[in-house]
**Q** 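Take a look at this one; I'll ask things after.
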Protein chains: 2
Amino acid sequence: MCPHVPDQSNPNGEEMVPINTSSQPHIPPPVPAGTNGTQPNGHQSNGVDTNHHSAPPKVKSHKDMYGRASDFLSNTSNWKIIESTLREGEQFANAFFTLETKIKIAQMLDEFGVEYIELTSPAASPESRAHCEAICKLGLKRTKILTHIRCHMDDARLAVETGVDGVDVVIGTSSFLRDHSHGKDMTWITKTAIEVIEFVKSKGIEIRFSSEDSFRSELVDLLSIYRTVDKIGVNRVGVADTVGCADSRQVYDLVRTLRGVVSCDIETHFHNDTGCAIANAYAALEAGATHVDTSVLGIGERNGITPLGGLIARMMVADPEYVKSKYNLPMLREIENLVAEAVEISVPFNNYITGFCAFTHKAGIHAKAILANPSTYEILNPADFGMTRYVSIGHRLTGWNAVKSRVEQLNLNMTDEQIKDATAKIKELADVRTQSMEDVDMILRIYHTGIHSGDLKVGQSAVLDKLLQKHMPSREGSPTRDSPNKKVKVDV
Amino acid sequence: MCPHVPDQSNPNGEEMVPINTSSQPHIPPPVPAGTNGTQPNGHQSNGVDTNHHSAPPKVKSHKDMYGRASDFLSNTSNWKIIESTLREGEQFANAFFTLETKIKIAQMLDEFGVEYIELTSPAASPESRAHCEAICKLGLKRTKILTHIRCHMDDARLAVETGVDGVDVVIGTSSFLRDHSHGKDMTWITKTAIEVIEFVKSKGIEIRFSSEDSFRSELVDLLSIYRTVDKIGVNRVGVADTVGCADSRQVYDLVRTLRGVVSCDIETHFHNDTGCAIANAYAALEAGATHVDTSVLGIGERNGITPLGGLIARMMVADPEYVKSKYNLPMLREIENLVAEAVEISVPFNNYITGFCAFTHKAGIHAKAILANPSTYEILNPADFGMTRYVSIGHRLTGWNAVKSRVEQLNLNMTDEQIKDATAKIKELADVRTQSMEDVDMILRIYHTGIHSGDLKVGQSAVLDKLLQKHMPSREGSPTRDSPNKKVKVDV
């Protein structure tokens, strides 16, 4: 019904008003008690706190400051993306990618900096094969191209002829899939896997072997086949939560165990049916996995997999400098808009990083602290992603600190006492209906004029009501739901 | 721009066609090798596998079958919801709830079965106070009413007069919030907390004390104040990831440590900025937490908190019988639609359980297995939520098993060989553009007629093309993107 992509910063068409246009840099948090005196810095791009320090402190991540002692297994500062929008994403209900769209997506992901893209099997259809060949001929700058095939020699022969840099082989190992999908036992699976792997390796390209539905497979079967394929030299083994059933501790345990069994890289693939796809990817990296499968906006079978943007958000907490050094983060929104348009969905209101409310602060207590230091209520810095912070103001939960910022922007000369008094009136009016930004501005201007003309004194609520009625006569009959969240953009 | 709530089962207006209307029950998976012979059963509502067993097996959860050994700390089969749509949710950018809307939401949550609802502080505004009092007078059947206040005697005095069943007290304990929000030290916090707690307790209602931004607070400070408030008799202590920075292992570690320090209940509150709000809630319950804060669709400050539906999805994997015994699951969609409408958002395309694609299967290999046994690619049974499973058919990744189901529904007399042949043609045509359900039906009918009239034989692709051109002349010029995902409803 809404197959277009809204402007995510402005979902209801309300205006966004910059409240503080100074170029004050993002202020890093102060040194917490009990830490080692360097700056916690999940946010700052240059490591310099121009307000507190004369020399740039060493940049430390949130994890360094607040996390556990360092873990020798962890790869949260050393991991790669296998971007599967053009494979898993093509299995999304709404997806029908033309070659032109696929090329655009591939090129943007290359520019963003993903290490791999994964394409639908050339065995799926003649067009899939032609698309795969065409994308291999693009000459992407950085991104390697994989295709994803069943563990079958016919598929492997097709795949190696397309020009891909590597082949991702998958086979179901759970009893569910062995009984209801391919009907093969572990002996057959192992034998076929060896044949396919050796064939692909003989062509000099990368090979990954993955089980499907790994978390409902027998652990001993899994480890056994992984050890076998590791010994014959796969580049990666893959662990997949195909049905989205795994929790983070299970993931940590399985990957940690696997890390002790194989020497190759470990790729992970998590479906999001029960909301753990991002956390599970993170747990896997903590346990020694090396690669994470993503898709743009998480599109895939059912409700999809680990979303590219959500994974980036998560990893920025662990090591912002690593993430920023590898990926062109401000492109995220453009890539998401491209894919959303191609598959005719809206970016979810609550999308990580780029959702319209991801950096919107509303409660008075939050607004106050955000204005003092954004790190109080933000673990991500919107500026890293080309995004902007907003503080919502004309509602019943507003606070006088947010109003004060607006007063300063309007260049009104008001004392804190007067601002608190005006804020009380805004809250009173907002109790009846949310106030638009124009309403808030008018109230502040009328209040200001009243004070300076001598018509109004602090605390004269009834007098202020009369002034408002006189100067804002049209207020009473105006609609209440047209602009529910006039927001104030703040540059702090 | 799209402030209405679409029919989530039918986002693009395409028709849904039931492919198999028999009332065949959801078939549980077979017994995996190496297990104890009872049925894994994340799905089944009656525990009976009518295909494989004559007597109903004992119902076992997914976790029992595939999880770790049981953990004495874990509360994943014994936990409660504190539903905060009317507090945290009111801090969502778009939220402006009238009393009428608040009452509807409260009544539906009561009917759904949440143990608690949490309301905005009566100190926030006069209207907030009036709403709180009105909701307390509703006489909800099951749900207790809480209000959420700052750790301040003024707020506490207002709160206890509203008629609530309990008060949730919060104060920032991280250095960020101590420095930039309330400006108080831990001594002041502890002293004030004791005063507020003893006052609320003296009124005979429940009291919770929570830190804010717990994961960026000093562990020793936290444990110290929690121990103090536990000793003076709070009902719950609260752990809050206010900025959404925590990962699941951190959560598990902190809650497990806290579980050894306090004897009261442990409530948890997780923001979703980095995509871990559901996984963190689950990890907390595994470590001994007792209560999880949720909001409908996760609405709250920024991109929100643990969503009610997402938490339910997660917990269904751990213990479906427990969840089904406590909550009226088919109401979930109605509650989400109510809240989405009230705050003028669309339910995200990929929403847990109720998103339009949550139970849609597309890849041929998935469709085949789903038709054999839904548990192959589903960890949740849509029927538990009053939802329906769909198999997508008219696209280039389709498989002959899905087409066979459609053939049977159309009562066409075709052999498997003929169906495979017709499927090849559907895939070939779908490579050019996604085929509508009408197109697929027409292709099958024309194929069927051709075979039975003797005009067509298996493998005669060119003859079939001519028949299609003759009987479907309007196909060529038809638009390609109007109906990208004609889906087939399957009752299996």
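In what follows, every chain begins at residue 1, and chains take the letters A, B, ... in the order their sequences are listed. These values consider heavy atoms only, across backbone and side chains, with no hydrogens, waters or symmetry-generated copies.
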**Q** Quick one: closest heavy-atom pair of Asp273(B) and Ile379(A), and the distance?
**A**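 The pair with the smallest heavy-atom distance is CB-CG2, 4.4 Å.
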**Q** If you round to the nearest 0.5 Å, how far is OG of Ser248(A) from OH of Tyr252(B)?
**A**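 Here the rounded value is 12.5 Å.
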**Q** Looking at Arg314(B) and Cys245(A), would you say the former's side chain and the latter's main chain have a donor-acceptor pair under 3.5 Å?
**A**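 Yes: the side chain of Arg314(B) pairs with the backbone of Cys245(A).
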**Q** Look up atom OG in Ser346(B) and atom CD1 in Ile345(A), then write down how far apart they are to the nearest 0.5 Å.
**A**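 If we round to the nearest 0.5 Å, Ser346(B):OG and Ile345(A):CD1 are 11.5 Å apart.
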**Q** Within this structure, what is the CD-CD distance for the pair Glu428(A) and Glu127(B), rounded to the nearest 0.5 Å?
**A**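 Result: 10.5 Å between the selected atoms.
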**Q** Below 4.5 Å from any heavy atom of chain B, which atoms of Ala430(A) appear? Answer side chain, backbone, both or neither.
**A**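 Only the backbone of Ala430(A) comes within 4.5 Å of chain B.
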**Q** For the residue pair Asn272(A) and Tyr352(B), what are the closest heavy atoms and their distance?
**A**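 Nearest pair, atom of Asn272(A) first, then Tyr352(B): O-CE2, 3.2 Å.
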**Q** Hey, mind stepping through His395(B) and Phe96(A) against side chain to side chain contact (heavy atoms under 4.5 Å, CB included) and telling me if it holds?
**A** CA-CA 8 Å; His395(B) 55 81; Phe96(A) 178 88; 5.7 Å; no
**Q** Chain B heavy atoms under 4.5 Å from Ser128(A): which part of the residue, side chain, backbone, both or neither?
**A**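 Interface part for Ser128(A): both.
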**Q** Contact between Cys276(A) and Tyr282(B) at the side-chain level, heavy atoms closer than 4.5 Å - yes or no?
**A**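 Side-chain contact under 4.5 Å: no.
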**Q** Does any part of the side chain of Phe349(B), heavy atoms only, come nearer than 4.5 Å to the side chain of Pro348(A), both counted from C-beta?
**A**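 The answer is yes; the side chains approach within 4.5 Å.
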**Q** For the interface with chain A, which of Gly298(B), Ala283(B), Ala313(B) has the highest count of heavy-atom pairs at distances below 4.5 Å?
**A**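 Option with the top pair count is Ala313(B).
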**Q** Sub-3.5 Å donor-acceptor pair from the side chain of Asn303(B) to the main-chain atoms of Ala358(A), do we have one?
**A**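 No; zero donor-acceptor contacts below 3.5 Å.
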**Q** Could you check whether any side-chain heavy atom of Tyr377(B) comes within less than 4.5 Å of a side-chain heavy atom of His271(A), counting everything from C-beta outward?
**A**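 Side chain of Tyr377(B) against side chain of His271(A), heavy atoms only: no contact under 4.5 Å found.
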**Q** Pair Asp247(B), Glu286(A) - check side chain to side chain contact (heavy atoms under 4.5 Å, CB included), show working.
**A** CA-CA 10 Å; Asp247(B) 67 69; Glu286(A) 285 190 301; 4.1 Å; yes
**Q** Which atom pair, heavy atoms only, marks the closest approach of Arg216(A) to Glu378(B)?
**A**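 Answer, listing the atom of Arg216(A) first, then Glu378(B): NH1-O, 4.3 Å.
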**Q** Rounded to the nearest 0.5 Å, what's the gap from CG on Asn350(B) to CD1 on Ile299(A)? Could you check?
**A**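 The CD1 atom of Ile299(A) is 10.0 Å from CG of Asn350(B), to the nearest 0.5 Å.
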**Q** With rounding to the nearest 0.5 angstrom, report the CG to OG1 distance, Asp213(A) to Thr376(B).
**A**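 Interatomic distance, Asp213(A) CG to Thr376(B) OG1, rounded to 0.5 Å: 8.5 Å.
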**Q** Does Lys427(A) use its side chain to pair, donor to acceptor, with the backbone of Ala124(B) at less than 3.5 Å?
**A**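 Yes; at least one donor-acceptor contact below 3.5 Å.
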**Q** Can Arg302(B) be said to sit on top of Phe359(A)'s aromatic six-ring, NZ or CZ under 6.0 Å from centre and within 45° of the ring axis?
**A**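 Arg302(B) over Phe359(A) ring: no.
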**Q** Heavy-atom pairs under 4.5 Å with chain A are the metric here; pick the option from Ala424(B), Ala279(B), Gly275(B) that has the most.
**A**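 Most heavy-atom pairs under 4.5 Å with chain A: Gly275(B).
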**Q** Of all the heavy-atom pairs spanning Leu397(B) and Glu90(A), show the shortest one and how long it is.
**A**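 Reported closest heavy-atom pair: CD1-O, 3.6 Å.
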**Q** Between Ser125(A) and Asp431(B), which heavy-atom pair has the shortest distance, and what is it?
**A**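 The pair with the smallest heavy-atom distance is OG-OD1, 2.7 Å.
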**Q** Find out whether Thr360(A) and Glu301(B) are in side-chain contact, i.e. whether some heavy atom of one side chain is under 4.5 Å from a heavy atom of the other.
**A**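 Thr360(A) vs Glu301(B): side chains apart.
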